[in-house]
Trainee: 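Submitted below is the structure of interest, expressed as structure tokens.
As the structure lists them, so they are numbered: ligands from 1, and atoms in each ligand from 1. Quick caveat: nothing in here was measured; it's all calculated off a predicted structure.
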Amino acid sequence: MFIAKQLLGAVLASLAAVFVLGQGEQSSWPLHNNGLNKVIEWDHYSFLVNGQRMFLFSGEQSFNTFSIYNHWGFHNPAPGVLDFETGSHNFTSIMTLAKELGLFMIVRPGPYVNAEVNAGGYPLWLTTGEYGDLRTDDPKYTAAWMPYWKKVSEIVRPHLITNGGNVIMYQIENELGNQWTDIASKALNVPAANYMQLLEDSARASGIDVPLSHNSPNMNGYAWSKDFSSSTGNVDVVGLDSYPSCWSCNLSECTGTNGEYVAYKTQEYYTYFTKQSPTQPNFMPEYQGGSYNPWGGPEGGCPNDIGADFANLFYRNLISQRVTAISLYMIFGGTNWGWLAAPVVASSYDYSSPVAESRSIGAKYYETKLLALFTRAAKDLAKTERIGNHAYSPSSTVERFTLNVNTSDGPLTIPMHNVSDRKVPAGNIISGHRSKIIVTDFKFGNFTLVYSTAEILTYAVIGDRPVLILYVPLGESGEFRVRGSANRPSIFDVEETSPDSSTYAAYLSSDKRTTTISFTPVRPDGMELVRFREGPQIILTDRDTALRFWQPMLANDPLGNQSVIIRGPSLVRSARINATAKRLDVFGDADRAYQFWAILPREITSVLGFFVSHGQVGDNRLSYNLTALGPWKYDDSLPEIGLDYTTSNETWIDIQLCPPDTHNPVLYVDEYSIHVGNHIFRATFPSTTTPPTSLFLNITGGNAFGYSAYVNSKYIGSYLGLSYSGAGVIELSLANATLTPATSGVDNTLVVIMDNSGHDLREAAVAPRGITNVTLLGPSDRSEGGKGYSFTSWKIAGTAGSATGKIVDPLRGVLNEGGLYAERVGMHLPGYPDSKWPVLSPAAGGKTTTLSVPGAGIRVFRTTVPLKVPSDIDVSIVFKLTAPGYASYGEPSNKGYSNRLRALLFVNGYQYGRFNPYIGNQVRFPVPPGVLDYDGKNTIAVTVWSQSAEGVEVKVEWGVEYVRKTAVDFGKMGKGLRAGWDEEREIYA
Ligand code: GAL
């Protein structure tokens, strides 16, 4: 009865596989809603919004939906403290923006999110083990999440589609696949199921009445589906995560789930959905948008196998498996600023996503947009049956084929005509790792596209004119048949508007109101117009040109069709019609001079581009010169090793030593409400007549962490860290340390400084951070039969305020800064009084970008630089940190200076980079406008922790990744988010 008919598509992966979608047999699938409203409903085929079917494609421009995680730990910095107000803690604007822009939204508030963030998004106070079994119905854990969960639900409630907003789904938990202790017998995992139920009941009680959803981590769990069981914890709609090309640039992380890695090998989901959720849409709440880069991964990520071709092949492959709801993870990954990251990743969360960390968009973005335009225009995609499937084997060859299709004109073998006179081979072609969707009986206006071997870019009714755009790659030809016109259409070259010379499109035949045309794009950037007397128009173009088309919607209805079509700019953000002025106002970006071209309603007589002058961008505008960073000033940031240093109660937490076992106190930082960044331990031990000769240390801090130790101000050594190991065990000789004489009665002072790359994901979030074992070794140690050495005191300093329970920087939040001296007193903040600091390289007039620390120790460097970016220019700014050892670095300024360092980059107080050149690979650190003030002074601070007695150095530069003309005034961003220094900081010295 119902039909999915028109899309009789074939998705082809180079050689190989033909998946055919088309009219199906079964029509009796139940229509579901959650019993609370009928605004969002769903069935076997797709989601429906107010009765209208949708192909949900989540991302940005041209997509109709986007998704966000919320971070429990960010909003709940300490037990009992909730912050949804200060600065970016207030996320309501993203929901109002969704409404304004006309995008649906999926909210995924956790409580656990994963996302390669510190402890998977848990508040770090939860990692001490005091909160029972996490992700179960343990009352201690329930009491912990409940306040956050209630509040987040209350904040989202007014933005639900049922309340006039655009939030259409609410995801409960993330990747919790353990509903069963035994799937075959459906033996319920009661604590987990009760936990899910508690979350759902609470969300409902807070007024969340949109469908509750969940995403499964793999195809093994069969959890939470109402189709699979009627057990506790089920959600309304279940979906599946998948990263067929591995979620990490370290491919070995995925073999357990994905099997041996084969580039461009798709996975089969269809069978799983049939079993797990047959009466629900095939839904991918997370589908691979890219991969994260682990500490030891390649510089810049691993874009190769997950680039534009990946997007082309895999997203179409999902359609062939009847997936009608896809959310890409990530469409934009951005930066793990501060200590947001989990130990597995560094500062970059670029994710090789369609939108890069630097905000630049490239081939993958354009490729993804191509499909997004199609899925928006091809309404039939939301209701399909699979009527065939061919085996799939990845290959990069060029393949030619014909296809048998059923159409309203009967069975046809397409292409039907030999176009070898066109100097391209006959037949359909798939080149390399690509796929195609070939449609039949696609309606446009009163016409029907009976078949087309060219793909559809989009279809729109502009004013009263139905416009269809078809494309094939250069070097291929497309053939299509149209029914609806009794007349032969006229064919024009769009730019020349003169009759075509027939090298591009050829009229083949016309019969019984059908017209068959073949076309072969012969030059880049060409467009040909096929105009039917009855009104409809078809634009023919090549694939590269198609990538640069935009279709901004004119109303904020995510399912609406009222739009215009634009070609030329590198980005169109939005467009609106000014009816009085009969003008189209276009907001977007331009990266170079281009010809503006658009299809507009007839009544529009002019276009105002808020990023172009008179239709063109002058090349001369497209540059921006950054003034070199500097002059730099510097100060010491490790006064704690000084013997005259006093440990104040505002900063230092006294660790209770429990006699007689004073040699082994609890030195796990989270026990003392110290959670992120650098931690400093200060201990004292007495001198004896048989003094210790070495120090044994076992410290745990997450992958890539490190530590250094000092005794009586003297450096005794470091653990430099490893990209793949979270614990470091070393024994350091005390030979360099001058211990106090036994008779002096003066204790020795040990200082250990460590950093902490975050808490691990999932259950491992509770793995401790800090000193597991610290033992003085020597003639009197226990293994020698002696009494052993003991400590007389232990103190720990962490982030300013942690000793007194104060959140000193609520604006930037508790993940931003750690416990370095420079951070505690606020040397990273704008306005810190550094006028008395020495200038680096005064001889060179302060003109150096090389920041050095002559021995072991920690220094902080500061400079301020102005930016005056014109309001119609967007500049992508990237900091670059390098150190000796990098190919481009050259010789260090001083023989012996190495890369054994850990540097932190602060921009206007925000930590935007962790540079560990001894371990990691990240040298580029993009910083967005808002954090940077594009219309004012910027404070740049860099802390450099030298883990080498010979000294270290790091070169700090910044550069421009791109310049664009833009409609957005970035200079206005972030006011109020760059709070400055305050004298109160001094108490944390
Ligand atoms: C998913 C998870 C995400 C993220 C991703 C890998 O399975 O839901 O939060 O961790 O893996 O980047």
Trainee: Out of curiosity, is Tyr112 lining ligand 1, as in a heavy atom under 4.0 Å away?
Mentor: no
Trainee: Could you check whether Asp350 and Ser348, counting side-chain N and O atoms only, form a donor-acceptor pair closer than 3.5 Å?
Mentor: no
Trainee: How close does the nearest protein non-hydrogen atom get to atom 7 (O) of ligand 1, and which residue and atom is it?
Mentor: Glu175 OE2, 2.1 Å
Trainee: Can you see whether Glu357 engages Tyr349 through a side-chain donor-acceptor pair at a distance of less than 3.5 angstrom?
Mentor: no
Trainee: Can you report which non-hydrogen protein atom sits closest to atom 4 (C) of ligand 1, along with the distance?
Mentor: Glu116 OE2, 3.5 Å
Trainee: Could you walk me through whether Tyr351 and Tyr329 satisfy the ring pair (Phe, Tyr, Trp, His ring centres under 6.0 Å) test, starting with their C-alpha distance in whole Å, then the side-chain angles of each, then the deciding distance to 0.1 Å, before giving a yes or no?
Mentor: CA-CA 9 Å; Tyr351 219 82; Tyr329 186 96; 5.4 Å; yes
Trainee: Out of the candidates Trp72, Tyr195, Tyr170, only one should pair with Trp149 under the ring-ring contact (aromatic ring centres under 6.0 Å, His included) rule; please name it.
Mentor: Tyr170
Trainee: Considering only heavy atoms of Asn174, which atoms of ligand 1 have at least one such atom less than 4.0 Å away?
Mentor: 2 (C), 8 (O), 9 (O)
Trainee: Determine the sole option in Thr274, Val238, Thr279 for which the side chain to side chain contact (heavy atoms under 4.5 Å, CB included) test with Asp227 is passed.
Mentor: Thr279
Trainee: Strictly below 4.0 Å, N to O, side chains only: are Asp755 and Arg902 in salt-bridge contact?
Mentor: yes
Trainee: Of all the non-hydrogen atoms in the protein, which one sits nearest to atom 5 (C) of ligand 1, and at what distance?
Mentor: Tyr243 OH, 3.6 Å
Trainee: Atoms of ligand 1 less than 4.0 Å from Tyr69 heavy atoms?
Mentor: 2 (C), 3 (C), 8 (O), 9 (O)
Trainee: Identify the closest protein heavy atom to atom 1 (C) of ligand 1: which residue and atom is it, and at what distance?
Mentor: Glu286 OE1, 3.0 Å
Trainee: When only distance counts, is Tyr292 in polar contact with ligand 1, meaning an N/O pair under 3.5 Å?
Mentor: no
Trainee: Need the ligand 1 atom indices (1-based, order shown) with element for anything under 4.0 Å from a heavy-atom of Tyr329.
Mentor: 3 (C), 4 (C), 5 (C), 9 (O), 12 (O)
Trainee: Heavy-atom contacts with Tyr349 under 4.0 Å: which atoms of ligand 1 show up? List them by number with element.
Mentor: 12 (O)
Trainee: Before accepting this row, confirm whether a basic side-chain N of the pair Arg108/Glu286 lies closer than 4.0 Å to the acidic partner's carboxylate O.
Mentor: yes
Trainee: Enumerate the atoms of ligand 1 whose separation from the nearest heavy atom of Val113 is less than 4.0 angstrom.
Mentor: 9 (O)
Trainee: Has the side chain of Gln911 got a donor or acceptor atom that lies under 3.5 Å from a matching backbone atom of Gly338?
Mentor: yes
Trainee: Provide the number and element of each atom of ligand 1 under 4.0 Å from a heavy atom of Trp247.
Mentor: 6 (C)
